[in-house]
Amino acid sequence: MKLKSKTLLAALTLPVLMTACASNGDDMKEITSQDLQHHNWQLVEIDGNAIAEGTTNKAPNLEIGENMTANGFAGCNNFFGQAELKDNQLRIEKMGMTMKMCPEAEMDTEQAFAQTLAEWSDITLTKDSLVLKNDVHTLTFTLRDWVK
């Protein structure tokens, strides 16, 4: 009889222990819109390569304002749209952009920047950095709050 009660106890406690072990330390903090709103993020790297300021002498940036409105400078043109956040992924929905032409290097930066923002990308957020990563590009930003 004693063996059966130990077996029953083990059978009942095993799922609880497995759940506790699976969630212990592996959970990422769920990023919320409040974590992103009212911040200005300056792009510093694309795919691990540092961003060189082009002829505009202005680095690309992403500002997320009230109600997750998004706007900024993509490297050549200004953009705007509605940021969406879901399951620690971010995208800019219905992104609009001005249509200036710039030198090829700036247009390449802008294309990678805009493509990544327009598609769902995994987001990693620290106190002073933001990383967006999808299957094509990784964008790394530093916090630059409201400095123009």
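All heavy atoms count here, side chains included; hydrogens, waters and symmetry mates do not.
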Steps toward side-chain contact (heavy atoms from CB on, under 4.5 Å) verdict (Val131, Thr140) = CA-CA 5 Å; Val131 177; Thr140 305; 4.1 Å; yes
Go through the steps for Trp41 and Leu143 under the test side-chain contact (heavy atoms from CB on, under 4.5 Å), then give the verdict.
-> CA-CA 5 Å; Trp41 304 95; Leu143 186 62; 3.7 Å; yes
Give a yes or no on this: more than 12 heavy atoms of other residues, nucleotides or ligands lie within 6.0 Å of atom CD of Gln111.
-> no
Hey, is the main chain of Asn67 close enough, under 3.5 Å, to the side chain of Gln37 for a donor-acceptor pair?
-> yes
Backbone of Ala59 reached by a side-chain donor or acceptor of Gln42 within 3.5 Å | no
Identify the residue among Ile31, Leu36, Thr124 that makes a side chain to side chain contact (heavy atoms under 4.5 Å, CB included) with Leu130.
-> Leu36
Approximate separation, where rounding is to 0.5 Å, of Leu90 CG and Ser33 OG = 11.0 Å
Over all heavy atoms of both residues, which pair between Pro60 and Thr109 is shortest? Give the atoms and the distance, please.
-> CG-CG2, 4.0 Å
Of all heavy-atom pairs between Ala114 and Met97, which one has the smallest distance, and what is that distance?
-> CB-CE, 3.8 Å
Can you name the nearest heavy-atom pair linking Leu85 to Thr32, along with the distance?
-> CD2-C, 3.4 Å
Determine, step by step, whether Phe80 and Thr69 satisfy the side-chain contact (heavy atoms from CB on, under 4.5 Å) criterion, reporting the C-alpha distance in whole Å, the side-chain angles of both residues, the deciding distance to 0.1 Å, and the verdict.
-> CA-CA 8 Å; Phe80 59 92; Thr69 57; over 6 Å; no
Counting distance only, does the side-chain N/O of Asn71 pair as donor-acceptor with the main-chain N or O of Phe79 below 3.5 Å?
-> no
Donor-acceptor under 3.5 Å (Asn77 side chain, Met99 main chain) = yes
What distance separates Leu62 CG from Leu132 CG, expressed to the nearest 0.5 Å?
-> 7.5 Å
Decide yes or no on side-chain contact (heavy atoms from CB on, under 4.5 Å) for Asn40 and Glu63, but give the supporting numbers first.
-> CA-CA 4 Å; Asn40 183 345; Glu63 294 180 9; 3.3 Å; yes
Expected output: side-chain Gln82 to main-chain Met68 donor-acceptor under 3.5 Å = yes
Considering residues, nucleotides and ligands other than Glu66, do more than 12 of their heavy atoms fall under 6.0 Å from its CD?
-> yes
Out of curiosity, Asp47 CG to Lys133 NZ, how far, rounded to the nearest 0.5 Å?
-> 8.0 Å
N/O donor-acceptor pair under 3.5 Å between Ser121 side chain and Leu117 backbone | no
Donor-acceptor pair, side chain of Asn78 and main chain of Thr98, under 3.5 angstrom = no
So which heavy atom on Phe113 is nearest to which on Asn61, and how close?
-> CZ-O, 3.6 Å
Give the minimum heavy-atom separation between Gln89 and Asp122, together with the two atoms involved.
-> NE2-OD1, 2.9 Å
Between atom CG of Asp35 and atom CD of Glu30, what is the distance when rounded to the nearest 0.5 Å?
-> 9.5 Å
All heavy atoms of Ile51 vs all of Glu45, minimum pair found to be CG1-N, 3.7 Å
Decide whether Ile123 and Met95 are clustered together by the hydrophobic rule: side chain heavy atoms of Ile, Leu, Val, Met, Phe, Trp, Tyr closer than 4.5 Å, transitively.
-> yes
